[in-house]
Each structure stands twice: as C-alpha cells, then as structure tokens.
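Taking it in order: structure first as structure tokens, then the write-up.
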There are 2 protein chains.
Amino acid sequence: MINKSALVYDDLMQKIDAEVYQLGTYLPSENQLCDLYGISRETGRKALATLAENGYIQKIRGKGSLVIEHRQYEFPVSGIVSYKELAQKLHIATENVVYGYDPEATLPIAAFASLGVDLTEEPVTAIKRVRVIDDEPDIIDKDYILKSVIPDVPRKAAEDSLYAYFEDELGLEIGYATKEITMEPANAEDRAELNLDPGAYMAVVRSVTSLTDARAFQFTESRHRADKFRFRDFARRQRKPM
Amino acid sequence: MINKSALVYDDLMQKIDAEVYQLGTYLPSENQLCDLYGISRETGRKALATLAENGYIQKIRGKGSLVIEHRQYEFPVSGIVSYKELAQKLHIATENVVYGYDPEATLPIAAFASLGVDLTEEPVTAIKRVRVIDDEPDIIDKDYILKSVIPDVPRKAAEDSLYAYFEDELGLEIGYATKEITMEPANAEDRAELNLDPGAYMAVVRSVTSLTDARAFQFTESRHRADKFRFRDFARRQRKPM
DNA sequence: GTTGACAACTTGTCTAAACAAGTATATATT
DNA sequence: AATATATACTTGTTTAGACAAGTTGTCAAC
C-alpha cells in the first residue's frame, strides 16, 4: 500500500493523459480534491506539487491548477527511466543485443571524471549492448556495475532489463542519477556496431546512478547516432537567491 | 519578504556550497532545524525537499539528510537560467554580440513544431546574438518574443539581458520552459558567424518559455559548436505507477 | 560472546486549522 | 454606463500534533 498523495497523483496523471482533464482546463480545486478523494488539503497539494514539478500543470494563485502541454517522454533519453520501460510506454519495437559481457572488469574512471567520480580502479561487471530500433542499430550502451554493491549481474539480466533485475529481483531502490550529454566523433567501435561512415558524430550520454542510500553503483556510457538523438527537458525557473 | 522555507533553503544551500556542511555528512536533523531557525517541522521539510529535488542532498529515512555530490551549473545550458546569470555565477568572461534585430518579424513555427507549438504566423521581435567566450564565438542564439505578450523589446535589452528586462523592467514572472536538444549539421549562417569548417556539427537547443500564468512568450533556438557543448542533468527515479 | 528487547533517535505521512493574498463575480453607488 | 465595494472563491504559507517506520546504541538475558 503506497501513500494517499501518490494515489491521487497517479489518478490525476492518468486522467490528464486520458484527457479527462483536457489541456487548457483547470483541475478540481484543492477543496474539491479533498471531497473527491477523502483527503486533507495538504495531501492533495502534495500530489499537485508533484504534477507541477513534472510539467503536467501550472498552478496559478487565485485561479487553480491549469493543465499544460506535456511532452515528458521522448525516445531515447529522458529522465531516469529504463530503456525497456520507455520502449513499452511508447509502443516502440526494440531489440537488445548483448555483444560484450565481462564479470571481471575494471571501471574506466577517466570516462566519468567530469561527473565527479573519484574512485580508484573498482571491480565491475562490464556489459556492452546495442539497441536496435526498427531493424536499425542506433545506440550503444556500455554499463559498468560495481561489484562492491552488486556482486553478480547475470548475463540474462543484461539481455532482459538491468533495472528490472536490480529493483524486482534484488529489491534495490534506485534513487537518482547525474547525466552529462556531449557530442563526440564516432570511434571505430561505433562505426563497426552501428554501420556508420567515417566522420560521423555521436551524442554521448554518460551517467552515474545511485541508490536511495546514496551509494553510486552504475556507470553508463550511452552512445547515440547523432541523427536519431533527441533529448527533451522540462525546467522551472528558480527564484533568485537573497 | 519571501517565505521562511525559502530563506532556510537559501541558507542551507549556501552553507553546502561553502562546505559548512560537507559532502558525505548529514545536515542537522529536522527537529534541530526547527530550533535553529525557529520554524515548524513542515516548514523545514519543505526546504529539505527542494534541496533534494535540486540534487544537493539525499534524504534517508531513519538517518538524515546526506549531502551528495552536486554539479548543477555547467556551461552553457542548464535548467532555465539566463546566460548572463550563468556567466556571472561561474565567473566566465563572455561577450554578447547582437547581429540581428527585427521588431516586425514572424515566428518560424516549423522550427518549434516538435515542441507542441500550434500557433499560426505570430508577430514577434526577432533577435540574433552571438555569444563569445574567451574571444571565441561559440553559440548563436535566435530569440523570438511574442508581441502579443511583450509588444516592445528594445535593442538595448537584447544587448544586456533579456531576462533582466522581462523580470526587473516589466515585472513579468517567468514560470517554466520546455527544451529539446538535437544534433544537426552546421548551416551556412553557423559557419559564417562561428568560423566553422564544412561538415561541422551543431548541438541545437530549442526551447519554449512560459510565464507563471502559462502564457508562452519566448521561443529560442540556441546553436552550439559541437565540441564546446555540454549538458548536465540531475534526475530522480520516478516511483512506478500502480 | 551472542542474541533479543527496548529506548531514543531519525524521516515519512497525514490531519485540521488559521491566515494571507490573488481572482472573479455580483451588487451597490456614483 | 462606469466605478467602487463586498464577498466568495481560488492558491500560498505556516503551525502543532499524531502516528508510522527505519536506524542505532544500550542493556539485560541467555
């Protein structure tokens, strides 16, 4: 049983997606939500705050919660969602080819230095995968999972879904990730796996993922064909300090 | 006078930046914050929630609020911050050259179609700027500001800071933005303004910015030299629905 | 020494209430 | 008709309290 505010959030979110609450209209007022769901006002406000944070609504004082244009999920990179979840949500046919698996590798720390990683040579399970979309290989994912946190990552988990393995099989709770997007020339491996011409460019997404107890455990380098890459972001204006 | 939770947020944030609270240590507990600032627990929790949202801390139940690695601001794109604010915060010497100014232009809707823009031909003020960093032109910004929302944008505002003009001069409140990052070949204008070779690639950031009353008013196409582009993002794992 | 129960901490969730402040509408006044 | 006013809505902020649940250390029992 999860909490009430999360239930209200899920319900409102689904109704916005299903256009029960349409773009440009207002959600029920906070007091109406209290009656509708049998909750206190603060509980409803928590759900609304999360909707606002995720770009579903804009709260306007004196008026209400306005449903706004929402384009959160975009293939292939958006927030911290597993590839498999994203493909399912968007109904995209994808294939996942594991072309490298080494349970006794070492973390290439240099690649993640700009993300603030200051580890020494850590034992990791190294996994290389190619993501095939519409029969065309578009993305190379190189994952390094710390053995000190997750001693064993079976090849089967890599072929299916790493996140499902971590969360459903091992019961770990994934907390947050820092990612960095850069543009780099394709290397020999990129060209070979993705059938690219010399001179091609890649969108490279490097990320460090941590559990809810703040232990970093997964380091990923995701290399995308430049012409297929698209990243979407929703951000709110920060109030100026002081 | 802003609110108490924002004051506590600013104070904790500054102390984290100043390493009064160091990486890997815990902030004062919620009850201690109540005594320290003379606030109620929920008010302190609100400040902590915002810190967590912005990647400063990780809350761990039963333990406390752990200060984590924080790398929010990165040149040149991060969240929704004005170019000038970012340059000042990072102490980077930049120059800003306005090379195009047309107060009677029309919004190029095709460029922003993928962001959900469904306007017809709207009158805008069109501004073209080159951002010069370390004596090297790196970025082209093309801004289109709706005349229906902001009838007049003086050239002076473009040379200084558009955001400062909107917020400080006109008293408008900027609410949120949706942005999209793609990788595209450099066009003739890119090559001319930034002195690039044929075959060069660009990181293109297109964004739609809205006021707190949800009126979209600014459309920006920001074109970056590929080799100088870097985007950093912090994201939390969403709890699975249902 | 090991184990288990307990107490004292921590954060998580929820409630009920009060007041401030922005918006919109109806109404009375001019 | 235009304007001002009252009032009934809306969201924003803060408080005080209660209970749940995870973490840690102490201490007694075995």
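Every chain is numbered from 1, with letters handed out A, B, ... down the list of sequences.
- Within the 3.5 Å criterion, the main-chain N or O of A158(A) finds a donor-acceptor partner in the side chain of N96(A).
- Heavy atoms of L48(A) sit nowhere under 4.0 angstrom from any nucleic acid atom.
- For the pair L66(B) CG and dT10(C) C1', the interatomic distance rounds to 13 Å; values are reported in whole Å.
- Checking dC14(C), dT13(D), dT11(C) against every side-chain atom of N31(B), the shortest atom distance belongs to dT11(C).
- Remark: T43(B) is in phosphate contact with dT15(D), judged by side-chain N or O atoms under 4.0 Å from OP1 or OP2.
- Nucleotides of DNA chain C nearest to K59(B) and E42(A) differ in position, and the one nearer the 5' end is that of K59(B).
- Distance, I57(A) CD1 to dT11(D) C1': 11 Å, rounded to whole Å.
- Rounded to a whole Å, the CD atom of Q58(B) is 13 Å from the P atom of dT23(D).
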I'd like to know whether I139(B) forms a side chain to side chain contact (heavy atoms under 4.5 Å, CB included) with D141(B), so could you lay out the CA-CA distance, the side-chain angles of the two residues, the decisive distance to 0.1 Å, and finally the verdict. CA-CA 6 Å; I139(B) 307 172; D141(B) 274 1; 3.5 Å; yes
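- Checking I60(A) against S40(B), the closest nucleotide of DNA chain D that is more toward the 5' end is the one next to I60(A).
- For R61(A), whose side chain is taken as the heavy atoms from C-beta onward, the closest listed nucleotide among dT13(C), dG12(D), dT11(C) is dG12(D).
- Distances shorter than 4.0 Å separate some side-chain N or O of R45(B) from OP1 or OP2 on dG12(C).
- In this structure, K46(A) does not reach the dG12(C) phosphate: none of its side-chain N or O atoms is under 4.0 Å from OP1 or OP2.
- Although no hydrogens or angles enter the test, the distance criterion places no donor-acceptor pair under 3.5 Å between the side chain of K4(B) and the main chain of Y37(B).
- For Q32(A), the side-chain atoms get nearest to dT10(D) when compared with the rest of dT13(C), dT10(D), dT15(D).
- Not less than 6.0 angstrom separates the ring centroid of Y26(B) from the ring centroid of Y21(B).
- In this model, the phosphate group of dT11(C) is not approached by any side-chain N or O of K63(B) to a distance below 4.0 Å at OP1 or OP2.
- S5(B) has a side-chain polar atom (N or O) that falls below the 4.0 Å cut-off from OP1 or OP2 of dT14(D).
- dC9(D) atom P lies 13 Å from atom CG of D35(A), rounded to whole Å.
- As a whole-Å value, the separation of N3(B) CG from dT11(D) P is 18 Å.
- Side-chain to base pairing of E30(B) with dC9(C): no donor and acceptor N or O lie closer than 3.5 Å to each other.
- Between the C1' atom of dT15(C) and the CZ atom of R41(A) lies a distance of 13 Å, rounded to the nearest Å.
- Residue S29(A) places at least one side-chain N or O closer than 4.0 Å to OP1 or OP2 of dT10(D).
- Regarding L7(A), its CG atom lies at a distance of 15 Å from the C1' atom of dG12(C), rounded to whole Å.
- Checked by atom type and distance alone, the side chain of N54(A) never pairs as donor or acceptor with a backbone atom of Y56(A) at under 3.5 Å.
- For I39(A), whose side chain is taken as the heavy atoms from C-beta onward, the closest listed nucleotide among dT11(C), dT13(D), dT15(C) is dT15(C).
- Note: CG (L51(B)) to P (dT11(C)) measures 13 Å, nearest angstrom.
- Here F231(B) and F231(A) bring their ring centres to under 6.0 angstrom of each other.
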